[in-house]
There are 2 protein chains.
Amino acid sequence: MLQPLGLVTTTIADEVFAKIRQAIVEGEIPSGSKLSEPEMATRYGISRGPLREALRRLESSNLVERRANFGARVVTLTFAGLIEIYQLREALEGMAARLAAECMTPAEIADLRALLARHRDQVAGDPSGAYFQKEGDLDFHFRIAQGSGNRRLIAMLCNDLYYVARMYRYQFGMAGDRSRAALDEHGLIVDAIAERDGELAEWLTRRHIRASRRHAERRLGAQPQPDESRGSP
Amino acid sequence: MLQPLGLVTTTIADEVFAKIRQAIVEGEIPSGSKLSEPEMATRYGISRGPLREALRRLESSNLVERRANFGARVVTLTFAGLIEIYQLREALEGMAARLAAECMTPAEIADLRALLARHRDQVAGDPSGAYFQKEGDLDFHFRIAQGSGNRRLIAMLCNDLYYVARMYRYQFGMAGDRSRAALDEHGLIVDAIAERDGELAEWLTRRHIRASRRHAERRLGAQPQPDESRGSP
DNA sequence: TATGGAATAATTGTCGACAGATTTCATGCT
DNA sequence: AGCATGAAATCTGTCGACAATTATTCCATA
């Protein structure tokens with residue numbers, strides 16, 4: 001008998017991959033630590049085969065680094081690495097917003113507005129910004145990416161970059177503040193998408209991510225870099 | 001004894017990965033064909049272990065698709081997929097050019113100019129555009145990406161996107177023409193980088209890639225899509 | 001005491017074999 | 001004849017073991 005819809009044949013490597021990814025993102029497995037194959041295999045009660053498969057996927061997600069005959073290590077978080085993420089997000093999410101303004105259906109836009117309203121309520125009810133600590137912010141960006149209709153772009157953002165961004169957020173402890181400003185910026189982006197103004201949506205998104213980057217730079221006590229990536233007025 | 005420099009410990013999976021990648025890009029292994037593990041293993045004289053490692057890397061390079069308990073297939077090239085590549089390249093290479101204008105050393109810029117001069121000679125000597133058929137064009141883009149200084153961006157472009165772009169170029173047979181126009185556009189981009197004008201470099205690069213996309217659209221006989229991703233003047 | 005090197009230990013890369021799942025093909029029924 | 005059912009065959013996922021490389025430790029020597 002055929003499965004009616006969505007054949008979700010999950011494998012051991014899949015499950016272990018998801019488990020290790022969560023452990024890395026949330027800091028349970030410390031950044032920079034070595035991932036010994038025999039130790040991890042016994043730790044998760046599996047053989048080394050599927051474990052290596054999981055490690056390989058974590059490598060392609062940019063969460064671990066592997067060297068031949070050396071082993072796998074969790075990536076070390078650096079300020080320069082965080083800047084690289086922001087630069088990529090500015091380029092990719094800017095394009096995603098532009099495409100979303102052209103591709104998203106009215107129903108999807110309505111859903112996006114509803115999500116934004118929920119975020120506003122949560123932030124108003126809890127001024128400490130707990131919702132943003134739970135990645136409500138990335139949830140919004142997630143939807144924009146999916147609205148682009150570009151599967152490759154969606155995969156890059158949702159499967160790779162956002163997990164690394166969450167990892168930095170958890171372990172650098174920069175979550176929660178800037179809630180209201182971010183919410184306002186999100187609102188402007190949704191308006192631009194609703195008006196099918198792709199160019200404005202891209203410009204607003206890039207400015208939004210640049211603002212997040214500058215906020216992180218201030219928060220981490222580093223001197224802000226020269227303002228590359230300024231959109232044209 | 002320590003290796004003096006550049007520890008190039010290569011593994012079987014590495015070599016087979018490179019071999020299969022080349023075979024896929026150049027069309028020797030047809031697009032959409034199934035990659036049977038036992039057959040491929042005997043074909044390359046190795047076991048299934050390193051072969052699976054190679055297939056995993058090909059998957060993360062977006063050259064093959066894998067499903068659990070189903071197997072690996074070479075990706076099927078579609079017009080929509082080509083458009084997705086162009087959209088990504090516009091966003092990523094635009095950012096790369098902006099960063100290159102800020103980061104490249106004068107020596108690197110001089111090298112880039114020398115490369116461009118060589119390209120001009122080759123195109124002038126062979127009006128059929130043979131050099132561009134040999135990926136001289138992508139060679140230029142390769143250098144811009146590396147000039148960005150963003151390792152993640154470099155990896156995305158040089159390890160993934162450019163191979164897929166070459167695959168489309170080989171198998172859709174759209175290489176060689178547009179040589180002179182592309183050369184002129186390359187020259188403008190180098191000038192902008194030399195003047196440290198990141199914003200102009202990004203704008204020119206995005207326009208350059210949009211022009212390539214429109215050319216491909218015309219060549220493939222499809223109606224050009226609405227001109228999304230138009231830079232602000 | 002510090003340094004260089006060799007032997008040991010541990011880890012990764014590779015291989016062959018078994019178990020589970022999927023596809024294919026043959027068979028029987030409507 | 002066409003379709004559903006079931007069994008054989010093939011393939012992928014998983015496991016344990018061996019080989020090659022690397023890291024570590026210990027000893028000898030300057």
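Fair warning: this is a prediction, and the values are worked out from it, not measured in the lab.
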- Please report, rounded to the nearest Å, how far the P atom of dT22(D) is from the CG atom of Asn69(A). 5 Å

- Against the side chain of Ser36(B), the closest entry in dT12(D), dC15(C), dT14(D) is dT12(D)

- Task: Return the value, rounded to whole Å, for the distance between atom CD of Glu39(A) and atom P of dT12(C).
- Result: 10 Å

- Tell me, please, whether Tyr163(B) has Arg21(B) positioned over its six-membered ring: NZ or CZ under 6.0 Å from the ring centre and within 45 degrees of its axis? yes

- Note on the structure: Closest to the side chain of Lys34(A), out of dT12(D), dT22(D), dT11(C), is dT11(C)

- Task: Round to a whole Å and report the spacing from CE of Met40(A) to P of dA10(C).
- Result: 20 Å

- Task: Write down the distance between CG (Leu55(B)) and C1' (dT12(D)), rounded to a whole number of angstrom.
- Result: 11 Å

- Task: Give me the one residue out of Arg52(B), Arg43(B), Arg56(B) that meets salt bridge (Lys or Arg N to Asp or Glu O under 4.0 Å) with Glu37(B).
- Result: Arg52(B)

- Item | Student check: side-chain heavy atoms of Arg166(B) and Leu138(B) closer than 4.5 Å | yes

- All heavy atoms of Leu35(A) vs all of Leu55(A), minimum pair found to be CD1-CD2, 3.9 Å

- Whole-Å distance separating the CZ atom of Phe70(A) from the C1' atom of dA10(C): 14 Å

- Is the distance from OP1 or OP2 of dG13(D) to the nearest side-chain N or O of Arg56(B) less than 4.0 Å? no

- dT12(C) P sits how many Å from Glu59(A) CD, rounded? 14 Å

- Out of dC15(D), dT12(C), dG13(D), which has the shortest distance to the side chain of Arg48(B)? dG13(D)

- Checking dA17(C), dC15(D), dT12(C) against the side chain of Ile12(A) (C-beta onward), the nearest is dC15(D)

- Item | Under-4.0 Å side-chain N/O to phosphate OP1/OP2 contact, Thr11(B) with dT14(C) | yes

- Message: What is the distance, to the nearest angstrom, from the CD atom on Glu37(B) to the P atom on dA17(C)?
- Response: 17 Å

- Query: How long is the line joining CG of Leu35(A) and P of dT11(C), in whole Å?
  - Reply: 13 Å

- Query: Arg52(A) side chain: which of dC15(D), dT12(C), dG13(D) is closest?
  - Reply: dT12(C)

- At their closest point, which heavy atom of Gln171(B) faces which heavy atom of Val25(B), and how far apart are they? NE2-O, 3.7 Å

- Identify which nucleotide among dC15(D), dG13(C), dT22(C) has an atom closest to any side-chain atom of Thr9(A), counting heavy atoms from C-beta outward. dT22(C)

- Message: Mind checking if Gly71(B) touches a base, just sugar-phosphate, or nothing, with heavy atoms under 4.0 Å?
- Response: sugar-phosphate

